[in-house]
Amino acid sequence: MESIYQQALGQEFYRLHPEMQKKYGLTSEQNIMVLGQGRMTEIRGTNPLLRPFLHLGAMDHFVFGERGKDVPFTLENYAYQTEEGEEVVSWVRRFFFPYSIRGFDAAMRYDQNKHKIVDELGKSGSFHMDIDLHVTPEGGLYMESKQMNFKGKCHIPGLKSSVYEHYDEEEEAFRVHVHVEHPILGTMMMYEGLVHTEFLPMTFNNIPERGILE
């Protein structure tokens with residue numbers, strides 16, 4: 001079975017660093033999960049006056065208002081199939097601030113008609129983004145989206161996101177940089193850091209609903 005990222009990248013997938021291939025080659029047939037632990041060097045963005053409004057999104061593990069430096073971080077990836085047999089990979093991110101734990105969750109699938117990865121954000125999966133994938137010369141992966149919509153209907157203009165990830169051989173860990181911006185509001189959220197990752201055996205019963213933790 002090919003992972004959703006293999007399907008989206010085609011032969012370009014094999015230009016990824018071997019550790020990147022291992023992580024992004026995750027499928028439901030393997031019966032393993034990805035567990036990443038590390039620290040985000042900095043989380044910044046969004047005018048402080050607007051941050052209180054982001055707490056509404058925090059309940060859905062979509063956005064949050066906290067910002068800081070050297071923030072402990074965990075990531076869990078689960079690959080599973082829906083009842084319709086569609087392959088899905090979930091991204092369960094947790095940020096450990098001094099007085100709160102915030103989530104930034106998503107479930108990704110490959111859209112055969114669009115030939116793109118579709119990212120369904122939050123526990124509810126109400127916000128959708130079409131993701132373009134590019135392999136960088138050093139074997140990293142650059143993912144970008146230039147639009148977002150609500151439940152596939154209402155488009156949210158101007159919002160752009162990018163994710164860059166590569167494997168640092170010296171640190172034996174993944175380096176990640178995430179940037180969400182708006183042409184008028186500027187940087188909405190940016191975080192970057194180093195994540196040490198292990199691959200753990202599991203069974204279907206270990207997978208949370210939609211692959212997303214409550």
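Numbers here are sequence positions counted from 1. Small disclaimer: the values here were computed from a predicted structure and weren't measured.
One hydrophobic cluster holds both M148 and M189 under the rule that ILVMFWY side chains link at heavy-atom gaps under 4.5 Å. Residues M190 and V163 are members of separate hydrophobic clusters, defined by side-chain heavy-atom contacts under 4.5 angstrom among Ile, Leu, Val, Met, Phe, Trp and Tyr. F127 and L185 fall within a single hydrophobic cluster, where Ile, Leu, Val, Met, Phe, Trp and Tyr side chains are chained together by heavy-atom contacts under 4.5 Å. Both F73 and V71 belong to a single network of hydrophobic side chains, linked directly or stepwise wherever heavy atoms of I, L, V, M, F, W or Y lie under 4.5 Å apart. No continuous path of ILVMFWY side-chain contacts below 4.5 Å connects L194 to W91, so the two sit in separate hydrophobic clusters.
Of all non-hydrogen atoms in G139 and M20, the two that sit nearest each other are O-CG, 3.7 Å. Between F13 and Q21, the closest heavy-atom pair is CZ-O, 3.5 Å. Between R102 and S100, the closest heavy-atom pair is NE-OG, 4.0 Å. The two residues M40 and V195 make their nearest non-hydrogen contact at CE-CG2, 3.9 Å. Nearest heavy atom pair, residue Q37 against residue L35, reads NE2-CD2, 4.0 Å. Minimum heavy-atom separation, Q30 to G25: NE2-O, 3.5 Å.
Between the CE atom in M1 and the CD atom in E29 there is a gap of 3.5 Å [rounded to 0.5 Å]. From E87, atom CD reaches atom CD of Q6 across 10.5 Å, with rounding to the nearest 0.5 Å. Atom CZ of F95 sits about 9.5 Å away from atom CZ of R67, to the nearest 0.5 Å. Atom CG of residue D70 and atom CD of residue E42 lie 11.0 Å apart, to the nearest 0.5 angstrom. How far NE2 of H166 is from CD of E138: 6.5 Å, rounded to the nearest 0.5 Å. Rounded to the nearest 0.5 angstrom, L141 CG and Y5 OH are separated by 8.5 Å.
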Subject >> Test log, rule side-chain contact (heavy atoms from CB on, under 4.5 Å), inputs V88 and E120 >> reply: CA-CA 10 Å; V88 180; E120 300 176 350; over 6 Å; no

**OP:** Given salt bridge (Lys or Arg N to Asp or Glu O under 4.0 Å), test E12 with R15 step by step and report yes or no.
**Re:** CA-CA 5 Å; E12 287 289 291; R15 292 182 49 233; 2.5 Å; yes

**OP:** Check the pair Q7 / I117 against side-chain contact (heavy atoms from CB on, under 4.5 Å), numbers first and verdict last.
**Re:** CA-CA 9 Å; Q7 294 177 62; I117 295 291; over 6 Å; no

Subject >> Verdict with reasoning, M202 to Y78, per side-chain contact (heavy atoms from CB on, under 4.5 Å) >> reply: CA-CA 10 Å; M202 61 176 296; Y78 300 91; 3.6 Å; yes

Original post:
Given the rule in the side-chain contact (heavy atoms from CB on, under 4.5 Å) test, do F199 and K23 qualify, once you have shown the distances and angles that lead to the verdict?
Top reply: CA-CA 9 Å; F199 299 83; K23 179 177 178 179; 4.3 Å; yes

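No donor-acceptor pair under 3.5 Å is formed between the side chain of E144 and the backbone N or O of D132. Between the side chain of N77 and the backbone N or O of S90 there is at least one donor-acceptor pair closer than 3.5 Å. In this structure, R94 contributes its side chain and T74 its backbone to no donor-acceptor pair below 3.5 Å. Formation of a donor-acceptor pair under 3.5 Å by the D60 side chain with backbone atoms of G122 is not found in this model. Distance alone, capped at 3.5 Å, places no donor-acceptor pair between the S3 side chain and the L26 backbone.
When side chains are defined from C-beta on, E66 does not count as touching I43, because their heavy atoms never get closer than 4.5 Å. The shortest distance between side-chain heavy atoms of V176 and L75 does not fall below 4.5 Å. In this structure, L9 and Y24 have side chains that are not in contact, with every pair of non-hydrogen atoms separated by 4.5 Å or more. Between Y142 and E165 the shortest side-chain heavy-atom distance does not fall below 4.5 Å.
For the side chain to side chain donor-acceptor pair (under 3.5 Å) with D105, the lone residue among R93, H61, K123 that qualifies is H61. Partner of D130 under the salt bridge (charged side-chain N to carboxylate O under 4.0 Å, His left out) criterion, chosen from K116, K146, K114, K160: K114.
Checking H179 against Y191 by side-chain atom types alone, no donor-acceptor pair falls below 3.5 Å.
Under a cut-off of 6.0 angstrom, the local environment of CG in L200 is crowded, with over 12 non-hydrogen atoms contributed by other residues, nucleotides or ligands.
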